[in-house]
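Comments concern the structure below.
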Amino acid sequence: MQYRAAIFDMDGTLVDTLSYLVESVNEMLKHFNLPTKTSEEVRLAVGNGAMKLMERILLFGEDKAQDREFLMQALNYYDACCQRNAIEGTKPYDGIIDVLAELNAKKIPLGICTNKQHFAAVEIAEKILTPIKFDAIQGDERDKPKKPDPTTALAVAKKLNVKPQEVAYFGDTYVDVETAINAGFLPVGVTWGFRPESELVDAGAKIIVHHPKEILNAVEFAV
């Protein structure tokens, strides 16, 4: 089947953001006099949005009676850190700009649907992923459902003026694969990001790509 549009996750798919995520998490923890986390701990905690990241980092859960007011304070401070740090150290994965540029040249509509804060997603797209043209960008906003809920992904597809079955969705975590499945997209897992290939396979990815240069051969786009 030929696909008419491509939608991408951001962290671990388009750009390597781990350094600034770790920096922002640890800046928040230091502010509240809490022990800092390793890169590996942060890497495994990301994927479900800033709120869930804070819950994981601060060990919130149904079995832990924690102060939700403090959680919101931590989240707000973390967001402020991200606003300062989002560009620093963030870089596109090797080869991804070339692939996106080719899709632009073929006039394939491109979108971003990510659980990263919306302000950070827009800034990174504008400053790090230049000169790529994205037709729709949707990041996490606190009043919107988060992936793997398909609501925001389907809204991006609507902005691209394509049907769900015409979309190939690319991501590096089970959250992305489940989002694609829930939205009726083709779920494509990428292995250069934050999670292992086995996680993508177990979640139901229909295609696995190991380098951005494989994207155009793995998925047939209608031109």
Query raised in the report: When you check the gap from the basic side-chain N to the acidic O, do Asp79 and Arg142 get nearer than 4.0 Å?
Result: yes
Query - side-chain hydrogen bond (donor to acceptor under 3.5 Å, both in side chains) involving Thr38 - partner list, sequence neighbours excluded - result: Glu41
Query raised in the report: Pick one: which of Arg43, Lys147, Lys116 meets salt bridge (Lys or Arg N to Asp or Glu O under 4.0 Å) with Asp11?
Result: Lys116
Within the distance-only criterion (no hydrogens, no angle test), does the side chain of [X] pair as donor or acceptor with the backbone N or O of [Y] below 3.5 angstrom?
| X | Y | value |
| --- | --- | --- |
| Asp176 | Thr173 | yes |
| Asp135 | Gly111 | no |
| Arg56 | Ala45 | yes |
| Asn104 | Lys133 | yes |
| Trp192 | His210 | no |

Can [Y] be reached from [X] by stepping across I, L, V, M, F, W or Y side chains whose heavy atoms are under 4.5 Å apart?
| X | Y | answer |
| --- | --- | --- |
| Met10 | Val25 | yes |
| Leu103 | Ile7 | no |
| Ile215 | Val177 | no |
| Leu53 | Val175 | no |

Taking atom [atom1] of [X] and atom [atom2] of [Y], what is their separation to the nearest 0.5 Å?
| X | Y | atom1 | atom2 | answer |
| --- | --- | --- | --- | --- |
| Ser39 | Leu21 | OG | CG | 10.0 Å |
| Ile207 | Leu186 | CD1 | CG | 4.5 Å |
| Lys144 | Gln138 | NZ | CD | 5.5 Å |
| Leu75 | Phe70 | CG | CZ | 11.0 Å |
| Leu129 | Leu100 | CG | CG | 7.0 Å |
| Ile96 | Lys213 | CD1 | NZ | 13.0 Å |

More than 12 foreign heavy atoms under 6.0 Å from [atom1] of [X]: is that the case here?
| X | atom1 | answer |
| --- | --- | --- |
| Asp202 | CG | yes |
| Asp149 | CG | yes |
| Lys37 | NZ | yes |

**Report entry** Heavy-atom closest contact (Gly12 atom, Tyr93 atom, distance)
**Finding:** CA-OH, 3.4 Å
Query raised in the report: What is the minimum heavy-atom distance between Ala6 and Leu160, and which atoms define it?
Result: O-CD1, 4.4 Å
Would you mind reporting whether [Y] and [X] have side-chain heavy atoms less than 4.5 Å apart?
| X | Y | value |
| --- | --- | --- |
| Tyr169 | Val156 | no |
| Phe194 | Val42 | no |
| Glu166 | Gln2 | no |
| Ile132 | Ile97 | yes |

Query raised in the report: Can Met54 and Tyr77 be said to form a side chain to side chain contact (heavy atoms under 4.5 Å, CB included), step by step?
Result: CA-CA 11 Å; Met54 291 298 96; Tyr77 195 88; over 6 Å; no
Requested in this report: Please check if any side-chain donor atom of Glu55 sits under 3.5 Å from a side-chain acceptor atom of Asn48, or the reverse.
Outcome: no
